[in-house]
Amino acid sequence: NLARWLGEQSERELNWQIVNLAAAVEDLHDAPILYIAGNETITFGDAELSKLREYVEGGGMILGNADCTSPLFISSFKKLATKLFPAYEMRSIVGEPNHPFFKEQFSSLDWKVKPEVLSMSNGSRELIVLLPQDPSKGWHVRSFKLHPELSQVVANIYLYSIDQVKGLTKGETYIVRANPASKASEKVAVARLEYSDGNWDPEPGGWRRLAAVMNNENNTKLTTERVKLGSGKLNNNFKVAHLTGTTNKFILKAPEQADLVKWVQGGGTLIVDSCGGGNAFSNSVDAELTKLFPDPTGGTLVKADDPALASAGGAAPAFLPPAEGAPKPPPAYRRFARKLLAGGDKTPQIRALDVKGRKAVFISHEDLSTGLVGQPVDGVNGYTPETATKLMASMIIYATKGPAPAAEVKPVAPAAVEGTKTTPAAGSAAAK
C-alpha cells in the first residue's frame, strides 16, 4: 500500500521485495532502505550483524518499525543500532524542524501530529532510523488522508535516502566490486589518519568502493591502513594520507602536529575533506592546517583542468564545457550543495597549500568521503558520488606519480566520467 501510494505521489513506479539475511549484501543493495519490523525482541548473529553493518557502510539505511508500539522491539532495535555502530547514538529528531525527514517533500507544518522518529547519524547522513509509534498500521488500512503524517514522514525518509533522483531498474547498482581479471600496474598505500578528538572514520565503506573503482578503471591496487597520528607510524611507506571529520572541532595535539608536519615536509601528500560538508570540522580545519603549513596565499583553488584533478581521467569533464555535440555532463555537486554554493557549483572548490614548491595539502570543505560511498543522499554539502570518486582518485594518482605530461592529460568523454554511475534504488527491501 505504501509503495503504491508513494509511487502515485512521486509519479514513478516503485517496487518492494522481501529478503532475508542469507542473501548476499549486494542483493540488499537492490534498495536504499532495509525495513525491519516486529513486535518481539529481535536478535541477530555475528555474521548477520556484519552483513547489516556492511550494508549501511555501503550506503544503505535501516528503517525499523515497532509493530503495535512493542517495547520489546523498540529496546532490542536500539541495542541493535548500538551494536552496529557503538560510536554513535540514537536521538529524537522531533526537535529538529528543518530536518529533511520533516520537509523533504511533505511539510510537517501541515500535520496535526508529528510522529516520533529516532535516528542515528555518522555526522554526514542518517544510518539507522526507528519509528516507535507504528505508522505501518496506517499504511495497512490505507489511512493516507485521515492521518497523512503516517505515510508522509516515511515518504520523506525514502526521498531523502535517494536524494529525490530517478530510481534503479533491475540489474543497475552503484556497488562496485574489483574485477579479478584487471591487472594492476601500480600500487598505492593510503594512510587513513586517526586523531585524538573527532570522528576520523565516518565512511569506511567509501574506501572499499574506491579501491574497486581504481582497480577496474585505473589499473591501480589501492590499499588503506589506519595510522594513528603521534604514534610515529606515519612514514614514507605512505605517499598519500587522508584526513576527515564531521561534527567535532578539529584540533591536533602537539605530537600529532609534529608527526604530520614531518611527514608532509618529507614528501607526503595530505588530502583533507569535511565529511558531510559545512560542519564543525569544516569550520576549524583551515586554522589548524595553515598554522602547520604556512602558505602566504592561504591556499589556492585548484583549477578544473589541473593535473591534480585530472590525473585519473577525472573530474574535469564535470566542470568543463562539453565538446561540441557531446551531451551535457551531469552536475558535479549534489542538489543540496548547489543550493548553498550560489553559482560556485561550476568550479571545483578544492584548495592546495604549497609546501617546498609543491601542492602538498589539498583541502575540500565540500564532502568527498560520503561521495565515495556511491549512494545519493540528501543533506550532504558536497560533490556527487561520480565526481567525488574521480576527484579522490585523481589526487591520489597525482600524489603518487606527480604531474602527468601535458600530452597525457586528455579530455574524457562524458560516458567515461559515468563509469561508476551512481543511481539510487527504487523501493525498499523488507526483512522480518
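Remember, it's a predicted structure, so these values are computed and weren't measured experimentally.
The aromatic rings of Tyr55 and His29 sit tilted, their planes meeting at an angle between 30° and 60°.
A donor and an acceptor atom, one from each side chain of Thr347 and Gln349, are located under 3.5 Å apart. Using modelled atom types, one finds no donor on one side chain facing an acceptor on the other under 3.5 Å when comparing Asn381 with Tyr333. Side-chain N/O atoms of Ser274 and Asn279 include a donor and acceptor closer than 3.5 Å. Checking Thr370 against Ser124 by side-chain atom types alone, a donor-acceptor pair falls below 3.5 Å. Of the N and O atoms on the side chains of Gln257 and Glu288, at least one donor lies less than 3.5 Å from an acceptor on the other residue. For the residue pair Glu256 and Ser196, a side-chain donor N or O sits within less than 3.5 Å of a side-chain acceptor on the partner. In this model, no donor atom of one side chain and acceptor atom of the other lie less than 3.5 Å apart for Asp273 and His365. Side-chain contact, Glu203 with Asn122: a donor N or O sits under 3.5 Å from an acceptor N or O. Defined by atom type and a distance below 3.5 Å, a donor-acceptor pair is present between the side-chain atoms of Arg209 and Thr389.
The local environment of NZ in Lys187 is sparse, with at most 12 non-hydrogen atoms from other residues, nucleotides or ligands closer than 6.0 Å.
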Trace of the side-chain hydrogen bond (donor to acceptor under 3.5 Å, both in side chains) decision for Glu116 with Ser92: CA-CA 7 Å; Glu116 178 68 55; Ser92 171; 2.7 Å; yes

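Cation-pi geometry between Lys114 and Phe102 is satisfied (NZ or CZ under 6.0 Å from the ring centre, within 45° of the ring normal).
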All N/O donor-acceptor pairs, side-chain side in residues 44-51, below 3.5 Å, sequence neighbours left out:
residue	atom	partner	partner atom	Å
Glu48	OE1	Gly45	N	2.8
Lys51	NZ	Leu21	O	3.0
Lys51	NZ	Ala23	O	2.6

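In this structure, the side chains of Val129 and Phe101 come closer than 4.5 Å at one or more pairs of heavy atoms. Taking the side chain as every heavy atom from C-beta outward, Met392 and Leu372 approach each other to under 4.5 Å.
When each of Thr269, Asp354, Asp306 is checked for a side-chain hydrogen bond (donor to acceptor under 3.5 Å, both in side chains) with Lys359, only Asp306 meets the rule.
Looking at residues two or more places apart in sequence or on another chain, you find no ring-ring contact (aromatic ring centres under 6.0 Å, His included) involving Phe362.
Atom CG of Asp295 is separated from atom OG1 of Thr300 by 7.0 Å, given to the nearest 0.5 angstrom.
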